[in-house]
There are 2 protein chains.
Amino acid sequence: MVELRTPKGTRDYNPLEQRVFNDLIEKITEIFKLHGAVNIDTPTFELRELLLNKYGEESKLIFNLEDQGGDICSLRYDLTVSFARYLAANKIQKIKRYQIGKVFRRDNPSFAKGRLREFFQCDFDIAGSYKSMVSDAETICIVAECLRQMNLGSFKIKINHRSILNAMVLSAGVSPKLFGTVCSSLDKLDKMEFKYIAEELKSKGLNDTQVEFLKNYVYLKGKEDLINNLKSDILYKHEEGSRGINELELLLSYLNIYKLSDSVEFDLSLARGLDYYTGIIFEAVFDNYKELGSVAGGGRYDNLVSSILPQNSSLNVPCIGFSFGLTRILPLMLKNTEIKNISNIKVYVTSSGSLLLEERMKVLRELWSNKIASETFYTNKFNFNNALEHVQKNDIPYLLVLGENELKMGKYKLLYGEQKKEKLEDSLNNLILFIKK
Amino acid sequence: MVELRTPKGTRDYNPLEQRVFNDLIEKITEIFKLHGAVNIDTPTFELRELLLNKYGEESKLIFNLEDQGGDICSLRYDLTVSFARYLAANKIQKIKRYQIGKVFRRDNPSFAKGRLREFFQCDFDIAGSYKSMVSDAETICIVAECLRQMNLGSFKIKINHRSILNAMVLSAGVSPKLFGTVCSSLDKLDKMEFKYIAEELKSKGLNDTQVEFLKNYVYLKGKEDLINNLKSDILYKHEEGSRGINELELLLSYLNIYKLSDSVEFDLSLARGLDYYTGIIFEAVFDNYKELGSVAGGGRYDNLVSSILPQNSSLNVPCIGFSFGLTRILPLMLKNTEIKNISNIKVYVTSSGSLLLEERMKVLRELWSNKIASETFYTNKFNFNNALEHVQKNDIPYLLVLGENELKMGKYKLLYGEQKKEKLEDSLNNLILFIKK
């Protein structure tokens, strides 16, 4: 006997979940389009060699396809690396694009935390050489607009800069080789106390002084005030540090123009695990759902495209972008929904007295040609009360009732509204006009 | 160096292709919703054992995931088997649903023929016990409505019945065991002459008389006339044969109610390869694109759900449905498109004289809040003529030009229409009202 379950870490989505999901996608893509983004699509799996060395310590979570002869492939781990390959392969130097699709991670799944092995990501990215921080500001503006559309209350976009992290690590006297692994430890500060992170850092080879040095920075948060403090800090004497701090200052001035400064905060503990980030990095959290962690994250990755190009290529495509973890947001959206009419049917067609199947089919045909979503029952058994109960339970606004006597007189009856008021029309056409009003 | 290509048999889709694809999806889902269909989603891969023995001779084309410990999985081959598993797992006895997603076949790819290893399918199915042929007729009605929406000219939906094929094979005296493989030979009649099919049938063990017997049927096509002829044929004496012929007759009467009889034709050569069909089967072809083969196909599969349930289960869920091969239709849609403004940007914001970056950002913010899709340039270099060329080339209806002197006077300039007529407004708000009109 075949097991009827889905594979570990994957799940089905029922009609209500898909309705809420599709409504969300529609809202988000509307915002992307408002900003002139176009859509692309890339394959579900890529040549395995493309994905290697892109995800730091997370690379072990890549899902592989079996070698059945031919290409050696793996399921995509995110949409970003595929996007970079798309740019490199097509020599595209400038594009604002979005992409929505499933990505795959052979992680230890947790449905409660929204961590699955197959989940939907919704990505927006701007590729191209622009004035500093201008496309960064627009990207954060789009994140904020999307979060607002979700109606899940207030949120915060935490921002940091890889150059500042770099300057922190180097100023602490830690070897640059350890940068990636130090970042993934620091990134855990929203999940655990610093003393555990300190242990981890020491096990990675840092000494007490170095750990203490880093501790002084990771609790720093703020906006203009933080920038001003950092400008008189030792980090600002560091070339990387001053670049990062100046860029954050410029970014903040643009975010002020977009009236977004209330929604953002610089946070020096934010690190993000992926290896490819080079500039600003950010994560978004809903204030009422902090336990869920970040619902969106992203950053600047200026070298990813050139890293997969031949060394003699002169193509250089700086990029910035973010991902929404749609599968993680879905449970929140579901909690806030009250959809009863999932299919959005407007008219349910029934009969009284006898079946009148062919007559109901004729009526349905007219309703469909008039773009009115409608249905009938297809069984031999029927009952007027069942139909009434059906439209009430499913919030269907109109019940069209065919009766043999009415049909003989060319009359059509409609029940509508909370009170199921009755309306008798002289022709189906008039009834349709009434429904369309 | 990493290869920049996509894996064999897969491809990227660029913004124009995705725009046309998304527009098509939107049209098709509108029709599904008109009929009250809801949407579900299932995982990209399934437990491998679920997919075994479902696809007849095609099973060798299944893509497997590597065994990395844990579940043994394969990429889905179609959406139908996953749908049946969804019904069985959730004990659903009645649903009208659609699903759109990628499916995977390790086939010999041919881009020209639209045959890829990864392609999009768009499925619609009705599950549940209904009066005979009623949901079958609605399904064909939906296929026809979708095909009409594609604007690719006239089309034909070819229909046959598995019971009639069965009666043909049995009446010919062929062993029932050979039914599947005989069907896949007959199915090739639209691609090759009968003499080659005859060779194939003989190599499968049929004798000359049997082949000659089948040949007399596979050229039969028609509607009422065909049904009437078949009613006095030997097939009608066969239990399976008479059931099939009577069902097609009833189906035709319903299709007449839906005013669809011009678009359909019964065709006894149609067989379809998949093992799970049990009742009517059908395929759609555009008259002007016959070389492409069928763009949609489907049929009734009454036993698929119960076949994956435990033997003691009493759940019986008859189903009918179809798939659109969207990846195959896309090239036709592209040929017929004239989209120049892929991103649908309405206003391009530029400046004259000086950069005015922050002023442009302020204007964009207002346009975005008013839900007007708009963009600007983000580089240091700019040139008014380039902006004019850009809006003309991309069919962008409005060019908003900021000038230092105009801004001092609180004036905003817009160029619009074929002639790029000039309009000067006293406030940005008035300009926005003009654009929104």
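In what follows, every chain begins at residue 1, and chains take the letters A, B, ... in the order their sequences are listed.
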Any ion pair linking [Y] and [X] (charged N to carboxylate O, less than 4.0 Å)?
| X | Y | answer |
| --- | --- | --- |
| B:R48 | A:E66 | yes |
| B:K102 | A:D41 | yes |
| B:R117 | A:D71 | no |

Stepwise ring pair (Phe, Tyr, Trp, His ring centres under 6.0 Å) test for A:F63 and B:F45: CA-CA 11 Å; A:F63 253 114; B:F45 48 88; 5.3 Å; yes
Pick one of side chain, backbone, both or neither for [X], based on which atoms fall under 4.5 Å of a heavy atom in chain A.
| X | result |
| --- | --- |
| B:S129 | backbone |
| B:Y348 | neither |
| B:I345 | side chain |
| B:A37 | backbone |
| B:F21 | neither |
| B:I62 | backbone |
| B:D67 | neither |
| B:E358 | both |
| B:L357 | side chain |

Nearest atoms (heavy-atom pairs only) where B:A373 meets A:K33: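 Result for this residue pair: CB-O, 3.5 Å.
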Any donor-acceptor N/O pair, B:E49 side chain to A:E3 backbone, under 3.5 Å: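 Checked: pair present.
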Flag, side chain of B:Q68 to backbone of A:R106, donor-acceptor distance under 3.5 Å: no
Spacing of [X] atom [atom1] and [Y] atom [atom2] [to the nearest 0.5 Å]:
| X | Y | atom1 | atom2 | answer |
| --- | --- | --- | --- | --- |
| A:T29 | B:N22 | OG1 | CG | 8.5 Å |
| B:T42 | A:N14 | OG1 | CG | 12.5 Å |
| A:L4 | B:L47 | CG | CG | 9.5 Å |
| B:D12 | A:S82 | CG | OG | 8.0 Å |
| B:C73 | A:L75 | SG | CG | 10.0 Å |
| B:I40 | A:L16 | CD1 | CG | 13.5 Å |

List the atom pairs, with distances to 0.1 Å, where a side-chain N or O of residues 304-312 of chain A and a protein N or O form a donor-acceptor pair under 3.5 Å, not counting sequence neighbours.
| from | atom 1 | to | atom 2 | distance (Å) |
| --- | --- | --- | --- | --- |
| A:S306 | OG | A:N303 | O | 3.2 |
| A:S307 | OG | A:L304 | O | 2.7 |

Derivation and outcome, side-chain contact (heavy atoms from CB on, under 4.5 Å), residues B:I257 and A:R365: CA-CA 8 Å; B:I257 295 179; A:R365 191 191 169 278; 5.8 Å; no
From CA spacing to verdict: side-chain contact (heavy atoms from CB on, under 4.5 Å), A:E46, B:T10: CA-CA 9 Å; A:E46 295 276 357; B:T10 70; over 6 Å; no
From CA spacing to verdict: side-chain contact (heavy atoms from CB on, under 4.5 Å), B:L364, A:H35: CA-CA 9 Å; B:L364 277 176; A:H35 289 258; over 6 Å; no
Residue, of A:Y258, A:F377, A:W368, that accumulates the most heavy atom pairs under 4.5 Å with chain B: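 Option with the top pair count is A:W368.
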Chi angles and distances behind the side chain to side chain donor-acceptor pair (under 3.5 Å) call for B:T44, A:E118: CA-CA 8 Å; B:T44 306; A:E118 174 192 60; 2.6 Å; yes
Residues from residues 92-101 of chain A approaching chain B under 4.5 Å (heavy atoms):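 Expected list: A:I95, A:K96, A:Y98.
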